[in-house]
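Quick notes on the structure that follows.
Side-chain atoms are counted along with the backbone in the values below, which use heavy atoms only and exclude waters and symmetry mates. Source: prediction; values computed, not measured.
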Amino acid sequence: MEVRKGWREHHFNQFVSDLIPLDRKLPDFRDTRCPQIFSRSLPKASVIITFHNEAWSTLLRTVHSVINRTPEHLLEKIILVDDGSTMPHLKDRLGEYIGVLAKVTLIRTTRREGLIRARILGTKHVDSPVVIFLDSHCECTEGWLEPLLERIAEDFTIVVSPTIDHIDANTFEYIAQKYVQIGGFNWDLKFIWRHIPKHKFQGNEYKPITTPAIAGGLFAISLEFFKKIGYYDDSFEIWGAENLELSFKTWMCGGSMEIVPCSHVGHVFRKSFPYKTGRSMLKNYLRLAEVWMDDYAKYFYQRIGDLREDFGDVSERKELREKLQCKSFEWYLKNVYPELEIHTNVLQYGQIHDTRGICLDSSVRPMDMLGTVDPKPCHGHGGNQFWQYTTDRRIKRDDKCLDYSFDALLLTNCRVNAETQKWIFENKTKHLRHVLTKNCLKNAYFNDSRRITVDKCYEEQSQVWIIS
Ligand code: UDP
Ligand code: MN
């Protein structure tokens, strides 16, 4: 019962979290090559933690881990921002608890603002040179702060993120990342983790490494630089896109971003939100695309099909970009994120559907190697139903290709010259013919098996496809 309540309210195992001490000890996860003594004098930092209906134990374990593992002279204060929480334990009880903790202050928004405006509000209470943001279910480990501050001391335009380790949402075990990963995104503007190409390392795995984007929950930034680039777009609601807004404008407006492997902070990753985001997320993404992505916004619009939402007025944000004389999105892609594929070899794109409104629908999660393809009613919103038919005769879903081998139809990583991934869309018959087997893609949805299969080519409705 208790266990289920925790999962329901927080989407993690609160029951287990409550059994673990608020100041539990954690190993030192730093690479042995990480410096422990810093020659230059480091600036002071304030830590902002916004929360909406966070569990008691995770919130306070975050706070205690900061207090316990931050050198006193480097910490200005910890600012907790309660963003419209309704749970009773976050009312007077929280106020009383933190009232006796030195350096911890609690402010409350007057109504639910979403994490973006809650963070901006927190920032107004900062008077140290550096601001650090943490989620309300984190744990800082030994030596987490100094290497972050050192980068900002070196250059106040560097925005830094620690290595974000996993705290298991079920067991609350702290699992340190074995390999440093950097950030990126696809044309759906969702953040992804990426392995670092070997040549970028050369035995320097412990040194700060530049990243095109950060996950956005945990990072340090100079207050002056944050102010200069206009904090966040304060019309962003609840959650989402603020990480890329910060990433794009940091790079485009004269700064840079790094992951700092010597700084380890744990975060409880969960599979879904315990709160509703509604259509606000889409609004944020549209504002982001409109203001920062120039002509490249069209790739995002392709991806979302007919999904639209009123995104309000963005003129002030455009003026900000103008005033700061920021570089173009093209510059950013070329110089900072050349790995992002720009699909110039696309013959046709959109949904692949039959004449009855049934679409090829894929389920590939970012970390999966394989994806499956199923027939589902077309929804018109891109995403899982967004396909690209390319000049080299492949049917692509992001970086995955439709692959038919050994009687199985799957999505696999696109490989050069993989004959099993070649298809020809025949304009006359509207067949999608698999080159190697000379068979055709077939929609068995209304016949027998409710599957997408590959079969001998016939002139029949189940083998007629439209790409649009
Ligand atoms: N949060 C908030 N207001 C909101 C939504 C979220 O203050 O309207 C807080 C939340 O409590 C957490 C942080 O913002 O501390 C990030 O949210 P979450 O952990 O749900 O996002 P994720 O880590 O999954 O990206
Ligand atoms: Mn979180």
Side-chain angles (χ1 to χ4, degrees), residues 6 10-14 16-18 20-30 45-70 74-75 77-83 85 90 94 97-98 101 103-106 115-116 118-119 122 130-149 159-177 181 183 191 193 214-221 239 242-243 259-271 273-275:
H10 303 289
H11 292 203
F12 55 63
N13 197 342
Q14 182 205 346
V16 165
S17 174
D18 291 353
I20 296 170
L22 295 180
D23 56 357
R24 75 161 156 181
K25 289 206 168 53
L26 290 171
D28 185 342
F29 297 104
R30 286 173 292 179
S46 296
V47 177
I48 297 178
I49 302 165
T50 75
F51 60 92
H52 173 75
N53 281 343
E54 184 63 61
W56 177 266
S57 53
T58 41
L59 175 63
L60 289 163
R61 202 173 299 114
T62 310
V63 173
H64 282 290
S65 78
V66 175
I67 296 173
N68 292 342
R69 306 208 178 88
T70 306
L74 295 177
L75 182 67
K77 56 185 161 193
I78 300 173
I79 303 165
L80 298 180
V81 185
D82 171 13
D83 181 20
S85 299
L90 299 168
L94 179 65
Y97 187 93
I98 62 120
L101 298 177
K103 297 194 178 186
V104 185
T105 57
L106 172 64
L115 82 89
I116 296 106
R119 280 186 190 163
V130 174
V131 195
I132 297 184
F133 293 98
L134 296 177
D135 269 15
S136 44
H137 32 253
C138 288
E139 279 171 82
C140 303
T141 69
E142 205 54 51
W144 73 288
L145 182 68
E146 296 90 327
L148 298 176
L149 296 181
V159 178
V160 281
S161 176
T163 302
I164 306 177
D165 294 323
H166 286 239
I167 299 171
D168 189 281
N170 187 30
T171 62
F172 277 75
E173 184 190 354
Y174 190 109
I175 305 160
Q177 285 210 35
Q181 292 190 308
F191 179 84
W193 292 104
I214 57 168
L218 293 63
F219 66 95
I221 188 168
W239 182 100
E242 89 293 342
N243 55 343
I259 306 272
V260 179
C262 287
S263 168
H264 281 263
V265 180
H267 170 252
V268 183
F269 284 89
R270 47 189 169 192
K271 294 209 168 71
F273 297 113
Y275 46 84

Has the side chain of [X] got a donor or acceptor atom that lies under 3.5 Å from a matching backbone atom of [Y]?
X    : Y    : value
T62  : S136 : yes
N53  : S85  : no
K77  : T105 : no
S263 : P147 : no
S161 : L218 : yes
D165 : A176 : no

Side chains of [X] and [Y], heavy atoms from C-beta outward: is any pair under 4.5 Å?
X    : Y    : result
R61  : S17  : yes
L90  : F51  : yes
L134 : C140 : yes
I98  : L60  : yes
R24  : E139 : yes
F219 : N243 : no
T70  : I78  : no
W144 : I132 : yes

query = Hey, mind stepping through D135 and L115 against side-chain contact (heavy atoms from CB on, under 4.5 Å) and telling me if it holds?
reply = CA-CA 10 Å; D135 269 15; L115 82 89; over 6 Å; no

request  = Show your working on side-chain contact (heavy atoms from CB on, under 4.5 Å) between T50 and F133 and close with a plain yes or no.
outcome  = CA-CA 8 Å; T50 75; F133 293 98; 5.6 Å; no

query = Can you check side-chain contact (heavy atoms from CB on, under 4.5 Å) on T58 and F12, steps first, answer last?
reply = CA-CA 10 Å; T58 41; F12 55 63; 3.6 Å; yes

query = Can you name the residues that form a salt bridge (Lys or Arg N to Asp or Glu O under 4.0 Å) with R30, not counting sequence neighbours?
reply =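 For R30, the residues satisfying salt bridge (Lys or Arg N to Asp or Glu O under 4.0 Å) (neighbours in sequence not counted) are D28.
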
When the ring planes of [X] and [Y] are compared, do they come out parallel, tilted or perpendicular, using 30° and 60° as the limits?
X    : Y    : answer
W193 : F191 : perpendicular
H267 : H137 : tilted
F29  : Y174 : parallel

Distance in Å, [X] [atom1] paired with [Y] [atom2], rounded so as to fall on 0.5 Å steps:
X    : Y    : atom1 : atom2 : answer
F269 : I167 : CZ    : CD1   : 9.5 Å
L80  : L101 : CG    : CG    : 9.0 Å
R69  : E146 : CZ    : CD    : 12.5 Å
T163 : Q177 : OG1   : CD    : 6.5 Å
I259 : I164 : CD1   : CD1   : 6.5 Å
L106 : D82  : CG    : CG    : 6.5 Å

Of the non-hydrogen atoms in [X] and [Y], which two are nearest, and what is the gap between them?
X    : Y    : result
A45  : L149 : CB-CD2, 4.0 Å
V265 : C138 : CG1-CB, 4.2 Å
L148 : P162 : CD2-N, 3.9 Å
R119 : I48  : O-CD1, 4.2 Å

ask   = Mind checking what makes ring pair (Phe, Tyr, Trp, His ring centres under 6.0 Å) contact with F273, not counting sequence neighbours?
value =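 Partners of F273 under the ring pair (Phe, Tyr, Trp, His ring centres under 6.0 Å) test: W239, Y275.
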
request  = Scan side-chain atoms only and decide if H64 and D23 contain a donor-acceptor pair under the 3.5 Å cut-off.
outcome  =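 No donor-acceptor contact under 3.5 Å links the two side chains.
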
request  = Would you sort out whether V47 and L145 count as a side-chain contact (heavy atoms from CB on, under 4.5 Å), showing the intermediate values?
outcome  = CA-CA 10 Å; V47 177; L145 182 68; 5.8 Å; no

